[in-house]
There are 2 protein chains.
Amino acid sequence: MFTKSCQYAIRAVIYMTEQKESLKNIGVKEMADSLQVPQQFLAKILQQLSKHNLISSVKGPNGGFYISEANGKVTLLDIVECIDGKAALSSCILGMPKCDSEHPCPLHHHFYGSREGLKTTLSSCEIGEMLNGKLC
Amino acid sequence: MFTKSCQYAIRAVIYMTEQKESLKNIGVKEMADSLQVPQQFLAKILQQLSKHNLISSVKGPNGGFYISEANGKVTLLDIVECIDGKAALSSCILGMPKCDSEHPCPLHHHFYGSREGLKTTLSSCEIGEMLNGKLC
DNA sequence: CGAATAAAGGATAAAAGTATCCGAAATTCG
DNA sequence: CGAATTTCGGATACTTTTATCCTTTATTCG
């Protein structure tokens, strides 16, 4: 479904929203330890999210990652598309180069609904709302 | 969603059901050409399906792959699980080692439904029925 | 300023998935 | 039988993903 990179990204973001009370920045080390994922690999992923302004970061002592006001509108769909690419949830399920409602692959109609439902669910998960306790 | 191997497998099986009228066996070359996928790679995949008795095959001249009576009950879910593994559609969407309704990951409840729906759709696609024109 | 800290970024290595090559085994047909 | 055909099976190469290593850059604090 999702790549490992993407799973780590989602888990890290959820972890960050759960640590909201502690108003300090969260370091990669802490996250990697808590989530039990490889630290350097997670660092790359967080940097990618940060570079695309989905989360925020500060360098130096007491630095780390945090969720800014502007990041509040970011959704889980944004996270997924940033890490796995837009095609991950939109390209043909059978890998056909051209597949849409007019030129559908044999399974197009059977899976279009659940794919769209998935995207709807992901796009309804805003980081800002997750900070307030409600996940989706 | 599915690996390329799995996409090829599904497409090949669908192709075979569409060629039912021509009562001859279907060779890898014909399928690879029609589906525009690498022939040797497709061969491996078909061999794997054949070894697990999801499709049937005969060697030699005029040989190839075919769908036996017994293969009629095989579903697309069987195909997917044979190629991508059972975990592909059943393991935690966030990759957590233990994730079930009692110890759910943060997204478990949000995606359990659509995952099960996906599996239900796939398991309702029997090869035998596809031979008769109805895909799912 | 200088040392310590933590993200950023480049390079490399390991693992998994994708793809190709080639010979062996089985079957058909002349 | 012998040649041709086609799946079967092992080995190898290429590509992407996953993971690690190490240096640079920015920031904090004494």
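Keep in mind that the numbers below use all heavy atoms, side chains included, and drop hydrogens, waters and symmetry copies. Every value quoted in this text rests on a predicted model; they were computed, and no experiment measured them. Lettering follows sequence order; numbering is per chain, from 1.
- Taking only side-chain nitrogens and oxygens, A:Tyr8 comes nearer than 4.0 Å to OP1 or OP2 of D:dA19.
- Counting only heavy atoms from C-beta outward, the side chains of B:Ile10 and B:Val80 approach each other to under 4.5 Å.
- Atoms CD (B:Gln36) and C1' (C:dA19) sit 17 Å apart, rounded to a whole Å.
- Taken from OG in A:Ser57 to CD1 in A:Ile67, the straight-line distance is 12.5 Å, to the nearest 0.5 Å.
- Regarding B:Leu35, its CG atom lies at a distance of 16 Å from the P atom of C:dT18, rounded to whole Å.
- If you measure from atom CD of B:Gln47 to atom P of C:dA26, you get 14 Å, rounded to the nearest angstrom.
- Counting only heavy atoms from C-beta outward, the side chains of B:His108 and B:Cys105 approach each other to under 4.5 Å.
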Verdict with supporting geometry, A:Leu89 and A:Leu122, side-chain contact (heavy atoms from CB on, under 4.5 Å): CA-CA 11 Å; A:Leu89 288 174; A:Leu122 288 172; 3.6 Å; yes
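- Looking at heavy-atom distances under 4.0 Å, A:Lys44 makes contact with a base.
- At the phosphate of D:dT7, neither OP1 nor OP2 sits under 4.0 Å from any side-chain N or O atom of B:Lys29.
- Regarding B:Tyr66, its OH atom lies at a distance of 13 Å from the P atom of D:dT7, rounded to whole Å.
- Of the side-chain N and O atoms in B:Ser50, none sit less than 4.0 angstrom from OP1 or OP2 of D:dT7.
- Toward the 5' end of DNA chain D, the nearer of the two residues A:Gln39 and B:Gln48, judged by each one's closest nucleotide, is B:Gln48.
- Put simply, CZ on B:Phe65 is 13 Å from C1' on C:dA26, counting in whole angstrom units.
- Along DNA chain C, the nucleotide nearest to A:Gln40 and the one nearest to A:Pro61 differ in position, and the one closer to the 5' end is contacted by A:Pro61.
- Residue A:Asn62 places at least one side-chain N or O closer than 4.0 Å to OP1 or OP2 of D:dC29.
- For C:dG17, the OP1/OP2 oxygens have no side-chain nitrogen or oxygen of B:Thr3 closer than 4.0 Å.
- The nearest whole Å value for the distance from the CD atom in B:Glu30 to the C1' atom in D:dT6 is 13 Å.
- A residue-by-residue look at A:Gly60 and A:Ser5 shows that A:Ser5 has its nearest nucleotide of DNA chain D further toward the 5' end.
- Between A:Leu42 atom CG and C:dA7 atom C1' there is a gap of 12 Å when expressed in whole angstrom units.
- Spacing between atom CZ of B:Phe41 and atom P of C:dA16 amounts to 16 Å, rounded to whole angstrom units.
- Look at A:Ser57 and you'll find a side-chain N or O under 4.0 angstrom from OP1 or OP2 of C:dA8.
- Between A:Ile45 and A:Ala9, the closest heavy-atom pair is CG2-CB, 3.6 Å.
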